[in-house]
Amino acid sequence: MDPVVVVILAVAVVALAMMTAVLVVLLRHIGGAGPKGLTPEQEAEVSAQLEEARREAAGIRAKAQDDAGEVLRKSEAAVEAAAEMRKEVEAEGKVLKYELKELRADLERRENRLAEREQRLDDEARRQADRARKLAETETELADRREDLERVAEERKAILERVSGLTGDQARAELVREIENQAKREAALIVREIESEARKEGEKRATKIVTLAVQRVATEQTAESVVSVLHLPGDEMKGRIIGREGRNIRAFESTTGVNLIIDDTPEAVLLSCFDPVRRETARLTLEKLVLDGRIHPQRIEEAHERSKAEVQELCVRAGEDALVELAITDMHPELVTLLGQLRYRTSYGQNVLGHLIESAHIAGIMAAELRLDTTLLKRCTLLHDIGKALTHEVEGSHALIGAEIARRYGEHEDVVHAIEAHHNEVEVKTVEAVLTQAADAISGGRPGARRESLEAYVKRLERLEEIATSYEGVEKVFAMQAGREIRVMVKPGSVDDIQAQVIARDVAKQIEEELTYPGQIRITVVRESRATEFAR
């Protein structure tokens, strides 16, 4: 029911009750005056009716008061609800007004940027139009000058033909014949003089042969870098490489054994490692991860495995290219793979595979001059440092290791002897071994070919890894931070936490006793447990 109607009814009831009360009072007054014509029974009946009317009026008034109070409470609640709703509406209106203001401001900013961009495009279009106009004018001017030059050349040609009495073709043929005859005479004199000198001075001729060999194969040599740079599509990729709380970068360094340096260099990261094969594998791994965009520990391990296979294929291809360049065939595939691995190794700063190819060319030239088997000499020289591909895995001299590998894969005994004797660890017995030593010395001894400091640095880092690898339970070892840190990955099933601390202390003690190094070296032993299950 409408609250207003209830209030009106309540007021009407109250008014009726008041009128009834007034009527009762008047009747009492009249009764007190002793009205005439009423019998006592009538008067009693009237009194009873008045009393009944009074009770009904009192009940009606009480009910009206209750109804009026209830209506008043409901009205107050409705007023409060309306006030609360008005506040909510006002608050929503303020929020909408603020959002509308922000949207209007954002729209104005976008319109300003679009206007600026249109202005820049208009300016660029005007500049391009001016440039095109200037280019057209330049082309027209060049065409005019070309026509003038051609006209002048024709005039000069006509003057020369008129003065000499010969046409242009006749004059050219005469000049060619004169130059050819003169060149033949000079060439004959030079050849006669060189042959005479060669016959008289055999030592000078031999020196010339060696010098010519060095000159023909000498290549530029640069020191191998221990840092690779990988360019990123944007600086936000650095955060994804680092991962939450450094999880990704730790997993990358633990998996690849390469130190990943992320600094203020814009859109680039650095990979530092003394082992170039490991560094190249890590570079390919990070490149795949950046291109894919999904970087997490499991993806890092998968990409690293694929990159290792890719580097292996590159090594095989490098070995095959070396054989093609030297025209050598019929070599065992394992030897080809080992040759390719030498592409990523250096000796005193000189690339080992490049050194082998260079030495083979030198040996081939000297063998040709001495009328020896050039193919055999190239084969001996190409394989003389093959043992360096395994010196980090097998103990011993690379010459003896290389000879054993060559013998195992069916190389000729002369080739094996040349390999094992090229550092005089075995007495030299054949001419091929002597020429192999000579070619090796010429390639390594030419200016700029090698650097002692880099080789010593690499050997020190390799020795650091060898020391840590010699302990039982060690799975992988990585020398990082330019040799200032060693990370030792141990097998969690074979080494407990206490044994890991013992390994770290023993490795540090052995390094202090055997090596000389600047500063200090930190040894970190990592024991990681993994649990893997598959939900099917």
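Taking CG from D440 and SG from C380, the interatomic distance works out to 12.5 Å, rounded to the nearest 0.5 Å. One distance of note links NZ of K388 with CG of L338; it measures 14.5 Å at 0.5 Å rounding. Expressed to the nearest 0.5 Å, how far OG of S359 lies from CG of L383 amounts to 12.0 Å. The CZ atom of R343 sits 8.5 Å away from the CG atom of D321 when rounded to the nearest 0.5 Å. Note that the CZ atom of F478 and the CG atom of L464 stand 14.5 Å from one another [nearest 0.5 Å]. In this structure, the separation between CD on E528 and CE on M489 is 6.0 Å, given to the nearest 0.5 Å.
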Before giving the answer on side chain to side chain contact (heavy atoms under 4.5 Å, CB included), spell out for E475 and V490 the whole-Å C-alpha distance, their side-chain angles and the decisive distance to 0.1 Å. CA-CA 5 Å; E475 184 177 10; V490 298; over 6 Å; no
* To do: Could you please spell out the steps behind the side chain to side chain contact (heavy atoms under 4.5 Å, CB included) verdict for N259 and L271?
  => CA-CA 6 Å; N259 190 22; L271 297 117; over 6 Å; no
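Looking only at distances, no side-chain donor or acceptor of R527 sits under 3.5 Å from a matching main-chain atom of Q499. Put simply, the side chain of R522 never gets that close to the backbone of E485: no donor and acceptor are under 3.5 Å apart. Between the E280 side chain and the V311 main chain, no donor and acceptor come within less than 3.5 Å of each other. Of the possible donor and acceptor atoms, one in the side chain of N112 sits under 3.5 Å from a partner among the backbone N and O of E108. Of the possible polar contacts, none joining the H304 side chain to the E301 backbone as a donor-acceptor pair under 3.5 Å is found.
In the displayed structure, E124 atom CD is contacted under 6.0 Å by more than 12 heavy atoms of other residues, nucleotides or ligands. Other residues, nucleotides and ligands place no more than 12 heavy atoms under 6.0 Å from the CZ atom of R110.
R408 and E334 are not joined by a salt bridge, as no carboxylate oxygen comes within less than 4.0 angstrom of a charged side-chain nitrogen. Contact check on E116 versus R113 returns no salt bridge, with no Lys/Arg side-chain nitrogen under 4.0 Å from an Asp/Glu carboxylate oxygen. Between R283 and E287, at least one side-chain nitrogen of the basic residue sits less than 4.0 Å from a carboxylate oxygen of the acidic one, meeting the salt-bridge criterion. Remark: R463 engages E466 in a salt bridge, criterion side-chain N to carboxylate O under 4.0 Å. Between R127 and D130 there is no salt bridge, since no side-chain nitrogen of the basic residue lies less than 4.0 Å from a carboxylate oxygen of the acidic one. Checked for salt-bridge contact, K87 and E90 miss the test: no charged N lies under 4.0 Å from a carboxylate O.
At least one side-chain heavy atom of L323 sits less than 4.5 Å from a side-chain heavy atom of V336.
Summarising the geometry of T281 relative to K308, their closest heavy-atom pair is CG2-CG, 3.5 Å, with the distance given to 0.1 Å. When all heavy atoms of A468 and I486 are compared, the closest pair comes out as CB-CG2, 4.4 Å. Here the shortest heavy-atom pairing between T255 and K476 reads O-NZ, 3.9 Å. Between E267 and P233, the shortest heavy-atom contact is OE2-O, 4.2 Å.
Qualifying side chain to side chain donor-acceptor pair (under 3.5 Å) partners for Q510, counting only residues two or more places apart in sequence or in other chains: Y471, E514. Taking H332 as the reference, Y409 meet the ring-ring contact (aromatic ring centres under 6.0 Å, His included) condition, with sequence neighbours excluded.
Remark: of the listed residues K459, R278, R487, R460, R278 is the sole one forming a salt bridge (Lys or Arg N to Asp or Glu O under 4.0 Å) with E465.
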Table please: side-chain donor-acceptor pairs of residues 414-436 below 3.5 Å, with sequence neighbours left out.
unit_1, atom_1, unit_2, atom_2, d
H417, NE2, K429, N, 2.9
H422, ND1, I419, O, 2.5
H422, NE2, D385, OD1, 3.3
H422, NE2, H398, NE2, 3.4
H423, NE2, H398, NE2, 3.4
N424, OD1, Q437, NE2, 2.8
E425, OE1, S397, OG, 2.8
E425, OE2, S397, OG, 2.7
T430, OG1, A433, N, 3.2
T436, OG1, E432, O, 2.7

